[in-house]
Amino acid sequence: MEYKGLATQAVQSGYAIDPATMSKAVPIYQTTAYGFKDCEHGAKLFELKELGNIYTRLMNPTTDVLEKRLAAMHGGTSAVCTASGMAAIFYVAATLASAGQNIVASNYLYGGTVTLFTKTLNRFGVETRLVDTRDSAAVEAAIDANTRFIYCETLGNPKCNVEDIESLAGIAHKHDLPLVVDNTVSPPPVSDVFAQGADIVVNSLTKMVGGHGTSLGGIVIERGDFAWDNGKFPEIDGPDESYHGYNFWEVFGNHAQAVLPGFALTFKIRCGILRDTGACISPFNAQQILLGVETLPLRAQRHCESARKIAEWLAAHPAVAWVEYPGLTTHQDYELAVKHFPLGPGALVGFAPKGGYEASKRLCDNVKMITHLSNLLDSKTLVTHNASTTHQQLSEEELRAAGVTPDFIRLSIGLEDVEDIKTDLEQALKIASA
Ligand code: PLP
């Protein structure tokens, strides 16, 4: 049965009851492999002539529920999980772009994505052109015949800027390219990026989706209607030599003859780069993350409500130098935030105490209930000093372009009582400004 409501999807989609055991909770299928009925059955599975479980590096029944549930919640057709968010991003890039081709990406990205794109992929001949995505002409100018996708984050981490996904999707589609959006910091119900025109969502499930800071995971979700047969993507619409000439578009493309329409990219990732490099999610982590998904709509609401209260409080605080949160009427992206984030623009707030780098360091060193670490969107409130941690490997120029000033503190608002978060920040601000 297909469920329309997000709260229902979060607890029901992708799973009814385990037919073997009648278990109501999603079981952890802790198995590496699955029996073949006979040699012919095994051969058909390996040839992709019959779809079914082979080996947990490629698929697992627990993971399958997570994939189906998150695809439903995003309004996509299909998904594939990975060991982490970084693996999901790498798998999209490595499937869509080959040596000699390029990616056009926003300046405002998570530091790990910047190093993946500009250092690691560069070693394999894929170039990334980082551009200021506020400037449509600059995005257009960066695209050439060898560009294979446009990439951005819904809300840049840590800058908290709102990307204009509708506008970027318009540019991408004009050039027959997909728009890939990292929606880690604003999963449903915080934002609906497929409705805004994104073609592919990548998400670190480690963050708000899992929500409890226990388990790493990643996912690639496709909206399902991108025309991969436009001549630019022979990896998808072309003979796959590793499957004796199999064509993923013919079997999984968005057309009437397909066996599973709208699965072309995710199936290609599963049976290509995931098969060959193996960064699969563990069934245990998939089940932990599924527990997080069940309360995601409720938690997201609380995260967003509290973030707004804290951002407004910080903006009025005499010891605070500046606040980056697009839900403030003074923020340059306020209009976009109102349009695309019905609950509020996520739960990250960038800010700095007065006193520059040294004051920011003192604040991070003196929070008590709040933890200073490198993670975000846990149920607990966290602070990160990005220039010295998550974005440390970026050059000064890249830091400036990403909006990560030396005093930048990223606050990730958790589920505690807002007054307790304020009390801790108040005492840390006092020490920071002393
Ligand atoms: N994307 C964003 C926006 C992130 O903030 C992170 C990690 O912080 C990642 C991707 C990578 O996720 P993971 O740590 O699960 O590999």
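Excluded from the calculations below are hydrogen atoms, water molecules and symmetry mates; all remaining heavy atoms, backbone and side chain alike, are included. Both ligands and their constituent atoms are indexed starting at 1 by order of listing.
- Remark: the backbone N or O of G356 is not paired with any side-chain donor or acceptor of D407 at under 3.5 angstrom.
- For the pair E416 and K380, the salt-bridge criterion is not met [side-chain N within less than 4.0 Å of a carboxylate O].
- The protein heavy atom nearest to atom 5 (O) of ligand 1 is N157 ND2, 2.8 Å.
- Atom numbering of ligand 1 starts at 1 in the shown order; those under 4.0 Å from a heavy atom of S84 are 15 (O), 16 (O).
- For T214, the side chain to side chain contact (heavy atoms under 4.5 Å, CB included) partners are H212, Q288, not counting sequence neighbours.
- For atom 14 (O) of ligand 1, the nearest non-hydrogen atom of the protein is K207 NZ, 3.9 Å.
- Between H317 and F351, the ring center distance fails the sub-6.0 Å criterion.
- For R129 (side chain) and S106 (main-chain N/O), no donor-acceptor pair under 3.5 Å exists by modelled atom type.
- The single protein non-hydrogen atom nearest to atom 16 (O) of ligand 1 is M86 N, 2.9 Å, given as residue, atom name and distance.
- The nearest non-hydrogen atom to atom 1 (N) of ligand 1, considering only T384, D182, I89, comes from D182.
- With rounding to the nearest 0.5 Å, the separation of CE in M369 from OG1 in T371 is 8.5 Å.
- Looking only at heavy atoms of the protein, atom 15 (O) of ligand 1 is closest to T206 OG1, 2.6 Å.
- In terms of polar-atom proximity, defined here as any N/O pair under 3.5 Å, G85 does make such a contact with ligand 1.
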